[in-house]
Structures are given as C-alpha cells and as structure tokens.
Student: 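Quick one: the structure is below, questions incoming.
A, B, ... follow the sequence lines: proteins, then strands. Residue 1 opens every chain. Computed from a predicted structure; not experimentally measured.
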Amino acid sequence: MITMEHVCKSYKIAKRNAGFGEACKSLFHRKYEEIQALNDVTFSILEGEMVGYIGPNGAGKSSTIKILSGILTPDKGTVFVDGRIPYKNRIAHVREIGVVFGQRSQLWWDVPVIDSFELLKDIYSIPDSMYRTNLEELTERLQLQELLRSPARQLSLGQRMRCEIGASLLHSPKILFLDEPTIGLDAVSKLSVRDFIKQQNKLHKTTVILTTHDMQDIEALTRRIIHIGKGRILMDGTLEDIRQGGENMDETIAELYRSYDIYT
Amino acid sequence: MADRIKKSVGLYIHYVSIHVRSVMEYKTSFWLTVMGQFFMSFNVFLGIFFLFQRFHQVEGFTYQEVLLCYGIVLMEFSLAEMYARGFGEFPGMVRRGEFDRVLVRPRSAVLQVLGSKFELSRIGRMFQAVVMFFYGVFKSGVEWNFLKILTVLFMLLGGMAVFTGLFWILASLSFFTLEGLEFMNVFTHGASEYGKYPIGIYGNKILLFTTFVIPYALVQYYPLLYLLGRRTHWIYMAAPLLALLFLVPCGVLWRFGVKHYTSSGS
Amino acid sequence: MKKYLSFFRLRFIMGLQYRAAALAGIITQFAWGFLEIMVFRAFYQTNPYDFPMDFSAAVSYIWMQQAFLAFFATWQMETEIFDSIRDGNIAYELCRPIGIYHMWFSRNMAQRMSRGALRCFPILIVAVFLPRPFRLEPPASFGHFVLFLVTLFLGLAVTVASCMLVYAVTFFIISPLGVRMVFTSAADFLSGAVIPLPFLPAKIQYVIELLPFASMQNVPLRVYSGSMSMGEMEKAVFLQIFWLIFLVFLGQILFKIAERRVAVQGG
C-alpha cells in the first residue's frame, strides 16, 4: 500500500537570539540554519495495516505525513501510495486518503456540523447514495446524532474530535492519517476514539497511520510501531520489541530516546 | 469542461452560503462592521465634498464627474474585497498551517482559498459606491448610449480583475515570506483610495505606471475619458478588457508559490 | 517609575522585531504621502487663489502626518486590552500593584512612540532631500520647532487619553465595536487626518477647532508647517492642555467606577 525508500528532506530556517542587541542586529542580517527533517527514511506498510508512528517533537513525523499526503515534495527518494506518487498527482491522490490533524479543525465554527459535512460532500463530489450510507454508518458508530445539529463552537473537544473523524471518512478513503487524534481529550473520549479507529480498520480494511505522544493509543491500537528520531528510522517493530525492558511504555520510550541521544 | 465549471461554481456558492449563515450568527457585530465600512469611505467622500466646495473643479473634472469615477472604483474594490478576501487573508491561513488542509482535498487550491472567506460586510461600502455612482450617472451630464453603458460594464469587470489580481499577488507572496506584506496595501487600498480622482491628475509618471505595470488607468482613466466624451476612439472603451491580461502573471506567480510551498513545507 | 520604563523597553523591543513590517509600513506611507501631495497639487494648479495655505505648508503637513502616523492613528488600539476586558482576564491585571489607568496609558504611549520613532526618521530624512515642490521644508523658526515638539507630545497624549475613554466604555457595554468605529471615523475627519482643517469652510473650521479631536494631529502639524498665526497657536496650545487634563480626569473616574464593578462582580 505504502512504500517509502531512501527519502530525504531538509529545511532552512531563520535563527535569532533573544535580547535587545540581537533584535537590532537582525534588522540588517539574518542567519539561516539547515535542518535535516528526514534522512534516508525507508519503510513499507501493507493494506489494512495499522501503524503507530512515534518520535519526539521535531523528529520528522509530520514531514513524513505531509509527504505521504501529497503536501510536501521530498528532496530525494521514492514514494508510492496505492500505486501513486502523492506529490505528482495531488488531486487524484487525495481523493483516496483521509487526514485528521488533531490540533486543527476542518469543521466550520459557526454553522451546524451537518453543514460542514454537506460541504465536504460537494468538495469530494461524493455520490448521494454513498454519502447517505456513510453518514448513517458514521453517525451510528460515532454517536453523532445529537451533535450534527449544533455548531462546532458549542461542542466539547471530545465531541468535536468524533465529528472530525467522521468528516474525514465521509468519502470512504482507503488510507487514514491521524495526527495526534487524542490530544487533549478526556479519558472517555479517548477510549471511544480508539474503539472507533479499531473498528474502522476491521470493518473496512482502512489502512491507518497514527502519530501520537500517547503511548496508550499505541498500546490500544497498533501492533506495529515505527519509531523516528532526528529524521532517521530508529526502530521498526512490534510492541513487544519495545516492551522487552519494562512494563511501562512511557518509561521504555523515554529510555529509548535517551539511548539514542535524540532528546536534546 | 462545462461540467467542471458548473461544479466549481456550485461549490463556491456552497461556500458562500456557509459564510453568510456564519455571519448571521453574529448579527450585531455584522451590522456594526457594515456601518464601519460605510463610515470609512464616507470620510473619503467628505474630503472630496469639501475640496470641491472650495475649488469647484480639478484639472478640468467636475465634482459630479469625480463622484462617477469614485463610485465605479469603489464598487470594483468592495466587490473584489467581498469575494477575493480569501486571498487577502491568505497570509494568516499559511501562518496557521491551514493551507495543508487545502492541499489534502481534491479540488483546485484557488477555489478553496477563495471559498475560505467571503466578506459580506463590504456591502457598507458598496452602498455608498452605488449612491455616488447614480448621482454621477445622472448629474455628470454624460449622454448615455449603449456603448457607454457597455463601457461601464467593462470598467467594472476590468477593475475587479485588477483588484483580484493584486490580492492574488499578495496571497502568492505569502508562500515566500509572511513579513512586510503590508506594502501591498499601497496597491490595493491605495488604488481604491486614490482612484477616487481620475488618474490623470497625478501626473504623467503615475499615468505611465498605471498603464503598463499595474493597469489601473486602463480600467479607470481611459474609459472615463470615453464616458465623458473627451475621447471617442474605441480603444478607450476597450481598454478595461486589456487589463484582464493582468491576471495571467498573477496566476503564474501563484503556481510558482504553490510549488515553493510543496518543496519547503512552510 | 522603573516599572513603567520596563514596560516601555519591552514594547520597544517587540516593535523592533517586526523589521520587515516596519519597512513595508514606511514604503506604504511614502506612497500615501506622495499621492496625497499630488492630489493637493492638482487642486492647487487648478485654482491657487483658493488654496488656504502656502503649497509648501500643505506638503510639510502631509509629510509630517505620514512620519508621525503611528502617534495619532486612532484605529490602532490594542486588541489585547479589549480582549482582556471581554474575557475577564482583567481581574489579573487588577491584582498588580499598579493603577490600571496609568499602566495602560503608559503602555499605549510607549507603543505609539516606539512605532513612531522607528518610522519617522526614514520618512523625514528622505522627504527633506526631495526636489521642490515635494520637499519637506524646515520649520519657520527655531521657536516653531520647539513649539512643534511640545504640541506633538501634547497631541499624542490627547490621542491616548481619548483612546482610554474608548477602553473605559468597553467595561460598560458588551460589544465595543460600534463605539470604537464611531470614535475612529469621527476622530479621523475632525482631527484633520482626511484633509487639513483649513480646507474646510471657515465657520465649520472654527467649531471643529474647539473640539478635542482638533488637539490631536491638527495642532502639531500646523504649527510645524507654519500655517497658524501667533494668536492661533496660543489658543491651540491652551486647548490641548485643557482637553488633556479633562480627558485624563474623566478617564480616571470612569476607570475607578469600572474597577469597582469588576471587583464586585468578580470579573
């Protein structure tokens, strides 16, 4: 389904130090720093797999997701998703994927959620029958009945996330990218979101790629974990591979970060 | 092709309807903003009014002729601000990372960006523009005929294209930098503000600049001369159509910008 | 005093960081000033006898206006303040050992001065070297220059004191947008930002000059350009001082009442 081979990506960012003098200096001159976001990344994911993609902030998680969803063009390497090169034919590619950015909403703030859904129907040109079936199913499984009539601004974070996930699946994508889907949610919402994702994977064979900082998400959802740090794949294995040391996931992961000296 | 256009227009209307419904959730603040828009251009009108009280005419243009001119420019600008606001606020969209969302949807990015904003409150300015326009139409002594009405339509079309193009340039530039884009105000707001007087009064250099670089004069000064009967050659009437070409380099810049974005990710 | 100074410094640094924004602002103001001058030149060439001041005085007025735009722009109020009043964060500010009126007053002064200081010199320097008739001429005399500085400062203070009233009103009504808009539009026209007041008919000008808005940019810009007589200048300075005291006094009373309300309602 997904293959990435020897993918590299680097950015230039402007640098500035704090302080009055520096602020004055930067009026005239600016320093740039090159950041290697991805450095020879290779992995492949099968159809219907659920994969946890983890690593500290700035490790290259979001760059990977951006490349796979066609937002970003890599400097080097080859990428295939479902037989397509994501960044070559964006529109054909994104028809088949769903993306949930945990920290950014795609719902319209001031109109009922159902209106946002209707707009998405138009955007993805979803046929009426398919839209109705999907909406029914998602409403049922995500318990959206009560929520669809209220504007997004009146929903709690958990309710909103359920709607967000529903919104990303209206067009029956084959691949679902979830970028920190449980961030900031309370315990009950987290559980229901996890359950739903699991179900979705079972029912529709949707391939799921999940980035998160929450190790319990990983434990609950995925067997396979890809671990990235400083732009390199550090580990590609099962939950058990990571766990071998101790019982507590957070500690194990923290230990891992330290051993690779990436948490600097 | 026709089907695609129909679908795009349908989607755009869908966007607009959502914006209108959103705005109606905050009726008070909406009407206040409409008033504010009106006051802002009303001050400009007061300035014109008192200057003409004192001087009676400027470079051969009368008060009524100037209002006709300003009415048309202000209509173009407020309409462009209404539907092309998505370009105007695009720097914020890039800053908040929302352009990523646009890219993961199977529709043209331009359509989605335009759909991301619709500034209904500009009807405040529009209202004043229409009043000045009709005052000018009836009091300026223009002898109206079919060709002159056509000229006004060309002016509106061309003017909206020029303003849209400028907002489009602003949006495209924000792929490269988010700082200092305020200078584009010179061209957008500056043109609407100083477009109140026929461009000819600003002297030859500005006339040249607005003929060949940013084609305001093509949509304002030359066709105005035709309307007022000071020029009769058809080229003065068709000049606004030439200004439509301005959209071509704007579109090229945008494509270039999207390319830059997808290779730098910021 | 030190507290106020540190506020001032912080704001100044923040202002400096937006270098590109500042540059863009300067360019914008240049273009604005230039086009404004062209408008007045066109009217002057059409009918020089009805021009109410020397053409060079109008040019100076416009350049000085552009250079010190940040001092007098009434639409540039601090959204932070409106937000903190609306969402109730104001309660934290009230806990600080410093009068809220004084704090916001100095904060506003600092912000305007830092923006202005950053932007005025490039405009002034270039405008001085432009060819005639677009050149910014030196003030009529050294006395005029000193009086210009004094009235510039007074005008800034009157502007800030008026804005403080708008902030104060926010405590009492839910949506400050309307008040703010009416205030901004009125101030814009009545302070001579749209066209210098002498271009208005004499009777209207006489009445408008008595209003507090005329004590904002109108006075320093006209003192500098030398379009006021000795008597007019005396009267203008007197009015500036009078309005400053009155507005500050009124603002403090409103803030006292507002603070009490916040304390009672618990924010």
Student: Using 4.0 Å as the upper bound for N to carboxylate O, is an ion pair formed by B:K139 and B:E65?
Tutor: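 Looking at B:K139 together with B:E65, the answer is no, because their closest N to O distance does not fall below 4.0 Å.
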Student: Is the gap between the ring centers of B:F187 and B:Y216 under 6.0 Å?
Tutor: no
Student: Given heavy-atom pairs under 4.5 angstrom as the criterion, report whether the side chain, backbone, both or neither of B:E59 touches chain C.
Tutor: both
Student: Considering only heavy atoms, which portion of B:T177 lies under 4.5 Å from any heavy atom of chain C: side chain, backbone, both, or neither?
Tutor: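 Looking at B:T177, nothing touches chain C.
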Student: Below 4.5 Å, heavy-atom pairs only: which of B:F50, B:F52, B:F55 has the largest tally toward chain C?
Tutor: B:F55
Student: Taking 4.5 Å as the heavy-atom cut-off, does anything in residues 183-190 of chain C contact chain B, and if so which residues?
Tutor: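 Residues C:S185, C:D188, C:F189 are the ones that qualify, each having a heavy atom under 4.5 Å from chain B.
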Student: Per the ring pair (Phe, Tyr, Trp, His ring centres under 6.0 Å) rule, which among B:F167, B:W168, B:F163 passes with B:F87?
Tutor: B:W168
Student: Using non-hydrogen atoms and a limit below 4.5 Å, what part of residues 201-222 of chain C faces chain B?
Tutor: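 C:P201, C:I204, listed by number.
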Student: Counting only non-hydrogen atoms closer than 4.5 Å, can you tell me which residues of residues 55-65 of chain C sit against chain B?
Tutor: none
Student: Residue by residue, which of residues 125-137 of chain C have a heavy atom closer than 4.5 Å to a heavy atom belonging to chain B?
Tutor: none
Student: Can you see whether B:Y63 engages B:Q53 through a side-chain donor-acceptor pair at a distance of less than 3.5 angstrom?
Tutor: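 No.
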Student: Name the region of B:Y197, side chain, backbone, both or neither, that has any atom closer than 4.5 Å to a heavy atom of chain C.
Tutor: side chain
Student: Of the listed residues (C:T28, C:V182, C:L177), which shares the most heavy-atom pairs with chain B below a 4.5 Å separation?
Tutor: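 The answer is C:T28.
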